[in-house]
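I have placed the structure first, in the form of structure tokens, so that the comments after it can refer back to it.
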Amino acid sequence: MKVTKDLVAASATPMVLGILAEGESYGYAILRRINELSGGELEWTEGLLYPLLHRLERLGHLESSWQSVAGERKRKYYRVTDRGLAELAEQRRQWDTVVGALREIWHDRTPLAVNRLEGLA
């Protein structure tokens, strides 16, 4: 299954903020975590992630610092700010509304609609 670009774009900010709310991380690890959380269905590219990280940093939702790990090159680690946690809470409220509405729509009580929907799968 391929997730559409529109859906990926809409979900990118809450996903990144949610991952960083678990603890600070760097780009490649964030990409791995997204892949892991989606069971391999979401394979983001660096071209999607890094502009988003930079935008969230400009908005004050993230802070970053360069850190050295023994035997490896320096990595830029990102952490969520209080402002970012507030944004994550707002994004979650909005997504809960959208998901709730979709569940209501998809929980159609008519057998014809269910049969038609299953035929599309």
Side-chain angles (χ1 to χ4, degrees):
M1 169 188 69
K2 178 123 171 104
V3 177
T4 66
K5 287 182 180 182
D6 289 342
L7 193 52
V8 169
S11 62
T13 294
M15 288 185 72
V16 168
L17 290 175
I19 288 168
L20 292 174
E22 296 174 343
E24 71 177 13
S25 191
Y26 58 97
Y28 181 70
I30 294 169
L31 291 173
R32 278 196 334 248
R33 183 77 173 124
I34 288 165
N35 186 275
E36 172 189 306
L37 289 169
S38 69
E41 295 292 333
L42 294 174
E43 293 187 30
W44 288 13
T45 63
E46 292 177 1
L48 171 74
L49 179 62
Y50 287 104
L52 174 61
L53 290 170
H54 298 155
R55 183 176 63 81
L56 292 173
E57 193 170 17
R58 277 193 314 273
L59 292 170
H61 297 163
L62 300 179
E63 295 174 339
S64 66
S65 63
W66 288 96
Q67 298 179 24
S68 296
V69 177
E72 297 183 21
R73 62 187 177 101
K74 287 178 113 176
R75 294 179 178 156
K76 191 172 189 180
Y77 278 77
Y78 296 88
R79 69 191 148 281
V80 71
T81 63
D82 288 343
R83 180 185 246 172
L85 290 174
E87 178 62 20
L88 176 59
E90 177 57 26
Q91 292 266 332
R92 184 171 180 173
R93 281 190 289 276
Q94 292 178 29
W95 273 97
D96 285 345
T97 299
V98 170
V99 169
L102 287 171
R103 281 195 177 120
E104 286 297 315
I105 292 167
W106 292 335
H107 189 269
D108 194 305
R109 289 149 191 85
T110 62
L112 178 60
V114 170
N115 290 338
R116 285 176 42 202
L117 218 127
E118 288 174 353
L120 296 174

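Predicted model, so just to flag it, every value in this text is computed and none were measured.
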Looking only at heavy atoms, which two atoms of Pro14 and Trp95 are closest? And how far apart? CG-NE1, 3.4 Å
So with a 6.0 Å cut-off around OH of Tyr28, is the heavy-atom count from everything else above 12? no
Separation between OH (Tyr50) and CD (Glu57), nearest 0.5 Å, reads 12.5 Å
Are Leu53 and Tyr26 connected in a single hydrophobic cluster, I mean Ile/Leu/Val/Met/Phe/Trp/Tyr linked by side-chain heavy atoms less than 4.5 Å apart? no
Check whether any side-chain heavy atom of Val69 sits under 4.5 Å from a side-chain heavy atom of Tyr77, and report yes or no. yes
Rounded distance [0.5 Å steps], CG in Leu31 versus CG in Leu42: 11.0 Å
Kindly give the heavy-atom pair with the smallest separation between Leu62 and Val80, and that separation in Å. CD2-CA, 3.8 Å
Give, for atom CZ of Arg58 and atom CZ of Arg55, the distance between the pair rounded to the nearest 0.5 Å. 8.0 Å
Output the distance between atom CH2 (Trp44) and atom CD1 (Ile34), rounded to the nearest 0.5 Å. 3.5 Å
Mark yes when over 12 heavy atoms from residues, nucleotides or ligands other than Arg79 sit less than 6.0 Å from its CZ; otherwise mark no. yes
Hydrophobic cluster identity match, Val98 and Trp106, side-chain contacts under 4.5 Å: yes
Before you tell me yes or no, could you show the steps for His54 and Tyr78 under side chain to side chain contact (heavy atoms under 4.5 Å, CB included), namely the whole-Å CA-CA distance, both residues' side-chain angles and the distance that decides it to 0.1 Å? CA-CA 10 Å; His54 298 155; Tyr78 296 88; 3.8 Å; yes
Would a 4.5 Å heavy-atom cut-off, applied to side chains only, mark Thr97 and Arg93 as touching? no
Considering non-hydrogen atoms only, spot the tightest contact between Ala21 and Leu85 and give its length. CB-CD2, 4.0 Å
Shared ILVMFWY cluster between Leu17 and Leu7, side chains joined below 4.5 angstrom? yes
Tell me which one of Glu24, Lys74, Arg75 satisfies side chain to side chain contact (heavy atoms under 4.5 Å, CB included) with Gln67. Glu24
Within this structure, what is the CG-CG distance for the pair Leu20 and Leu88, rounded to the nearest 0.5 Å? 10.0 Å
Treating Arg83 as the side-chain partner and Leu59 as the backbone partner, does any N or O pair qualify as donor plus acceptor under 3.5 Å? yes
For atom CG of Asp96, is the number of surrounding heavy atoms from other residues, nucleotides or ligands below 6.0 Å larger than 12? yes
Do the side chain of Ser64 and the main chain of Lys76 share a donor and acceptor less than 3.5 angstrom apart? no
Measure the CG-CG distance between Leu52 and Leu56 for me, rounded to the nearest 0.5 Å. 4.5 Å
Within a 6.0 Å radius of atom CD on Glu46, are there more than 12 heavy atoms belonging to other residues, nucleotides or ligands? no
